[in-house]
Trainee: 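Got a structure for you, questions after.
Quantities reported herein were computed from a predicted structural model and do not represent experimental measurements.
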Amino acid sequence: MSGATVLPVVSAVAGEVPTISKPEGSAPTELTTKDIIVGTGAEVLPTSTLTVHYTLMAWSTGKIIESSWVGQPATFPLAEVVEGWQKGLPGAKEGGRRLLILPPEMGYGAAGSGPIGPNETLIFSVDIIGVA
């Protein structure tokens, strides 16, 4: 896969499962973030515990790998998740939706994890429901 990078487009309807368009071209080699919906609540800090809904897409296939929208939101300390989330979510605000594109070394690297293949670039749409 080569050519100009075309970032996926994420729908901006709060409270609804996001749609994510298939990415095109070469995956970004650096962490990429974009606010799709700008939140107005509490700001995410590196020490925050978050409650989020997320959707995960693999850059290489454009297929959804995982989504919390099929169940309950996920709650976790930000310090305990992959580096791309730790670096890409601070500054976002409760009520917001942020697009994160993680290069492999900020996700699961050469090892992969479960359905995530080795050296996969990860696309996340993250809705921030709660910040504590």
Trainee: Looking at Pro23 and Pro8, what are the two nearest heavy atoms and their distance?
Mentor: CB-CD, 4.2 Å
Trainee: Give me the atom names and distance for the closest heavy-atom approach of Ala110 to Pro118.
Mentor: O-CB, 3.1 Å
Trainee: How many angstroms lie between atom OG1 of Thr32 and atom CD1 of Ile123, to the nearest 0.5 angstrom?
Mentor: 10.0 Å
Trainee: As an exercise, state the distance from OG of Ser67 to NE2 of His53, rounded to the nearest 0.5 Å.
Mentor: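 These two atoms lie 8.0 Å from each other.
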Trainee: Run through the side-chain heavy atoms of Ile, Leu, Val, Met, Phe, Trp and Tyr, join any pair under 4.5 Å, and report what else lands in Trp69's cluster.
Mentor: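 Noted: Trp69 shares its cluster with Val17.
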Trainee: Looking at residues at least two apart in the chain, or sitting in another chain, which of them share a side-chain hydrogen bond (donor to acceptor under 3.5 Å, both in side chains) with Thr75?
Mentor: Thr51
Trainee: Does Gln86 reach the main-chain N or O of Ala79 with its side chain, forming a donor-acceptor pair under 3.5 Å?
Mentor: yes
Trainee: Run the side-chain hydrogen bond (donor to acceptor under 3.5 Å, both in side chains) test against Glu83 and tell me which residues pass, sequence neighbours left out.
Mentor: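 Only Lys87 meet the side-chain hydrogen bond (donor to acceptor under 3.5 Å, both in side chains) criterion with Glu83.
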Trainee: Linking Ile, Leu, Val, Met, Phe, Trp and Tyr by side-chain heavy atoms under 4.5 Å, what else ends up with Leu56?
Mentor: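 Listed partners: Leu31, Val44, Leu50, Val52, Tyr54, Ile65, Phe76, Leu78, Val81, Val82, Trp85, Leu89, Leu100, Leu102, Met106, Tyr108, Ile116, Leu122, Phe124, Val126, Ile128, Val131.
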Trainee: Using 0.5 Å steps for rounding, measure from the CD1 atom of Ile101 to the CE atom of Met57.
Mentor: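 It is 10.5 Å, given to the nearest 0.5 Å.
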Trainee: Report the residues that fulfil side-chain hydrogen bond (donor to acceptor under 3.5 Å, both in side chains) with Thr121, sequence neighbours left out, ordered by chain and then residue number.
Mentor: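 For Thr121, no residue satisfies side-chain hydrogen bond (donor to acceptor under 3.5 Å, both in side chains) once neighbours in sequence are set aside.
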Trainee: Supply the members, apart from Val13, of the Ile/Leu/Val/Met/Phe/Trp/Tyr cluster built from side-chain contacts under 4.5 Å; use none for a lone residue.
Mentor: none
Trainee: Tell me, do Pro73 and Ser68 make a side-chain contact under 4.5 Å, heavy atoms counted?
Mentor: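 Sidechains of Ser68 and Pro73: no contact.
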Trainee: According to the salt bridge (Lys or Arg N to Asp or Glu O under 4.0 Å) rule, which pairs have a member within residues 26-41, sequence neighbours left out?
Mentor: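 Listed once each, the pairs are Asp35-Arg98.
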Trainee: Can you list every salt bridge (Lys or Arg N to Asp or Glu O under 4.0 Å) pair that touches residues 37-56, not counting sequence neighbours?
Mentor: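 Qualifying pairs: none.
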Trainee: Residues two or more places apart in sequence or in another chain: which of them pass side chain to side chain contact (heavy atoms under 4.5 Å, CB included) with Ala14?
Mentor: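 Ala14: side chain to side chain contact (heavy atoms under 4.5 Å, CB included) contacts with Ile37.
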Trainee: Any non-hydrogen side-chain atom of Asn119 less than 4.5 Å from a side-chain atom of Ser60?
Mentor: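 Not in contact.
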Trainee: Any side-chain heavy atom of Ser125 sitting closer than 4.5 Å to one from Val10?
Mentor: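 In short, these two side chains touch, coming nearer than 4.5 Å.
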Trainee: How would you list all residue pairs meeting ring pair (Phe, Tyr, Trp, His ring centres under 6.0 Å) that involve residues 30-52, not counting sequence neighbours?
Mentor: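 Qualifying pairs, neighbours excluded: none.
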Trainee: Please, which pairs that meet salt bridge (Lys or Arg N to Asp or Glu O under 4.0 Å) have at least one residue in residues 109-131, sequence neighbours excluded?
Mentor: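 Listed by first then second residue: Arg97-Asp127.
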Trainee: Does anything in residues 58-70 form a salt bridge (Lys or Arg N to Asp or Glu O under 4.0 Å)? List the pairs, not counting sequence neighbours.
Mentor: none
